[in-house]
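Throughout, residue positions are numbered sequentially from 1 according to the sequence presented. Order of listing sets the numbers, starting from 1, for every ligand and every atom in it. All values reported here derive from a predicted model rather than from experimental measurement. Just so it is clear, the values below take in all heavy atoms, side chains as well, and ignore hydrogens, waters and symmetry mates.
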Amino acid sequence: MKLSHRITHLTGGGSDGWDVFYRARRMIAEGHAVTELTIGEHDIRTDATILAEMDRSARDGHTGYAMVPGTDLLRDTVAARIQNRTGVPTTRHNVLITPGGQSALFAAHTAVCDPGDVGLYLDPYYATYPGTIRGAGAIAKAVQTRAEDAFQPRADLIEPHVEGAVSLLINTPNNPTGVVYSRETLNEIADLCQRRDLWLISDEVYDTQVWEGEHLSPRALPGMAERTLVVGSMSKSHAMTGSRCGWIVGPEEVVQHLINLATHTTYGVPGFIQDAASYALTTGDGLEEEVAAPFRRRRSLAMQVLGGQNTVGLVPAQGAMYLMLDIRATGMSGEAFANALLDTHAIAVMPGESFGTAAAGHIRVAMTIDDDRFAAALQTVCDFASELAGQHAAE
Ligand SMILES: Cc1ncc(COP(=O)(O)O)c(C=O)c1O
């Protein structure tokens, strides 16, 4: 039977640098001890007080269909949080609660892209971006950011790709680079979106993990609230990846349509999850600081380890739970290095090539194991890179 072009062409196909990830998974399944630094899953679990609220809510009967747009309580809570951060008046009518940020990304693109429209995204990118844009029926087009710009996007490099585009997807703090976009970068992007009439889809799921500088939401910039769809999530901020709770914040008219889309797709998010999320977001900053603290600590450890050598470069590690390391001194691709590292030292990292082409010759390290093992693994990565760079220089 024939399947739709849309579903069969959701992902690009071909080698995308994920082989090393699947190989590491197989090695673990076969009982090998592998140091896993590949994916963005916390090494702590959802806080017990959040679980207690989930339990209370479920036992109180919130196990039926919840309101499709989200409960009033959670929509109000998210609206207050976004208003607080951006200074832009925000009410529940600007908020749709979604099953995680991923579903919000899909809904946002569905809201603004018609079939054949181009949806732009920036390379290196979070793995699902191109498939999400294609899934919404649009043509996904990557625009490279550059290692020499420390992966800060440049509007003058995006502009030549704008023909036919209706949206631009950005992500700050960034996965996979760990870069936080500067005010100057965001001002340039805002100006581009206004001049070229683009929707800006702003993925801010790492907004509570900022180690240097500050997170600025483009919703806060003049003239941007009416053309920005902010994507947020409880996954990273509160170690609630499995609870599937996120949101879109945008203009009321868009949210009205998005509610219609949700009615015909997800039919909302469980009420007891939403109650737990409301509790987590209103209980003060303590919970999110607790979740961010291990990454902040490991980032400091990484600076120490990397400071003691000069083979491996570090892309400014300003936010999120990852480090992007430049291993080009070894003369190897990120993929070849990651494979060799797995074979020789049983350490699994993601090749930069698995996030597009812009981060070739880099590897991404997730800071998601305990401090001692993390620092030791990073030291091994540096020693291994230095050995390979020495061989490369002698060739
Ligand atoms: C940049 C980025 N956006 C969105 C997501 C989706 O997160 P969730 O659907 O769990 O909210 C992730 C998950 O890793 C991510 O890294």
Side-chain angles (χ1 to χ4, degrees), residues 18 21 36-43 45-46 50 70 74 78 81 95-110 119 121-133 135-136 140 142 145 151 153 167-181 200-210 215 217-218 229-249 262 265-266 268-270 273-274 276-277 280-281 288 291-292 295 317-324 350 352 354-356 358-359 364-368:
W18 280 75
F21 171 79
E36 239 295 18
L37 301 172
T38 54
I39 58 167
E41 180 83 82
H42 313 69
D43 52 331
R45 302 286 82 170
T46 307
I50 301 178
L74 183 55
V78 170
R81 182 177 174 93
V95 180
L96 173 77
I97 304 301
T98 61
Q102 181 56 47
S103 142
L105 287 165
F106 176 73
H109 283 94
T110 303
Y121 63 105
L122 301 174
D123 175 353
Y125 51 84
Y126 172 52
T128 69
Y129 280 0
T132 303
I133 296 170
T145 59
F151 295 110
S167 61
L168 170 65
L169 170 57
I170 62 169
N171 170 223
T172 181
N174 188 267
N175 175 14
T177 62
V179 167
V180 173
Y181 294 176
L200 185 60
I201 300 177
S202 178
D203 179 342
E204 303 179 25
V205 303
Y206 292 99
D207 66 350
T208 60
Q209 298 178 3
V210 178
H215 171 68
S217 170
L229 301 176
V230 174
V231 170
S233 172
M234 298 301 291
S235 287
K236 311 293 176 175
S237 59
H238 291 81
M240 289 178 72
T241 49
S243 290
R244 313 310 302 136
C245 187
W247 52 81
I248 303 180
V249 174
T265 52
T266 62
V269 173
I273 298 287
Q274 296 193 61
L281 292 173
E288 53 199 62
V291 172
F295 305 126
Q318 298 162 325
M321 52 175 84
Y322 315 98
L323 304 173
M324 184 64 92
M350 292 300 290
S354 53
F355 309 105
R364 190 196 71 175
V365 175
M367 300 188 280
T368 46

Inset, instruction - Do me a favour and list the nearest non-hydrogen protein atom to atom 3 (N) of ligand 1 with residue, atom name and distance? - result: Asp203 OD2, 2.6 Å
Inset, instruction - Over all heavy atoms of both residues, which pair between Tyr121 and Tyr129 is shortest? Give the atoms and the distance, please. - result: CD1-CB, 4.1 Å
Inset, instruction - Nearest heavy atom to atom 10 (O) of ligand 1 wins, so pick from Gly101, Ser235, Pro176. - result: Ser235
Legend entry - Residue and atom name of the nearest protein heavy atom (relative to atom 13 (C) of ligand 1), distance in Å to one decimal: Tyr126 OH, 3.2 Å
Legend entry - Backbone of His42 reached by a side-chain donor or acceptor of Thr368 within 3.5 Å: no
Inset, instruction - Please confirm whether the backbone N or O of Cys245 pairs with a side-chain atom of Ser243, one donor and one acceptor, at under 3.5 Å? - result: no
Inset, instruction - Would you confirm whether Glu204, through its side chain, and Ser217, through its main-chain N or O, come within 3.5 Å as a donor-acceptor pair? - result: no
Inset, instruction - Go through ligand 1 atom by atom and flag the ones less than 4.0 Å from a non-hydrogen atom of Asn171. - result: 1 (C)
Inset, instruction - Have a look at ligand 1 and work out which part of Met234, if any, has a heavy atom under 4.0 Å from it: side chain, backbone, both or neither. - result: neither
Legend entry - Short N or O distance, Gln102 and ligand 1, threshold 3.5 Å exclusive: yes
Legend entry - Tyr322, any N or O under 3.5 Å of ligand 1 N or O: no
Inset, instruction - Please indicate whether any nitrogen or oxygen in Tyr129 is less than 3.5 Å from any nitrogen or oxygen in ligand 1. - result: no
Inset, instruction - Looking only at distances, please establish whether an N/O atom of ligand 1 is found under 3.5 Å from an N/O atom of Lys236. - result: yes
Inset, instruction - Check for a donor-acceptor pair, side chain of Arg364 on one end and backbone N or O of Leu323 on the other, with a separation under 3.5 Å. - result: no
Inset, instruction - Using atom types as modelled and distance alone, determine if a side-chain donor or acceptor of Asp123 lies under 3.5 Å from a backbone N or O of Ala358. - result: yes
Legend entry - Arg244: numbered ligand 1 atoms lying under 4.0 Å from its heavy atoms: 8 (P), 9 (O), 10 (O)
Legend entry - Atoms in ligand 1 flagged as close to Ser233, the criterion being non-hydrogen separation under 4.0 Å: 8 (P), 11 (O)
Inset, instruction - Spell out, as yes or no, whether a donor-acceptor pair under 3.5 Å connects the side chain of Thr98 to the backbone of Gly100. - result: yes
Legend entry - Sidechain-backbone polar pair: Gln274 side chain, Val269 backbone, donor-acceptor under 3.5 Å: yes
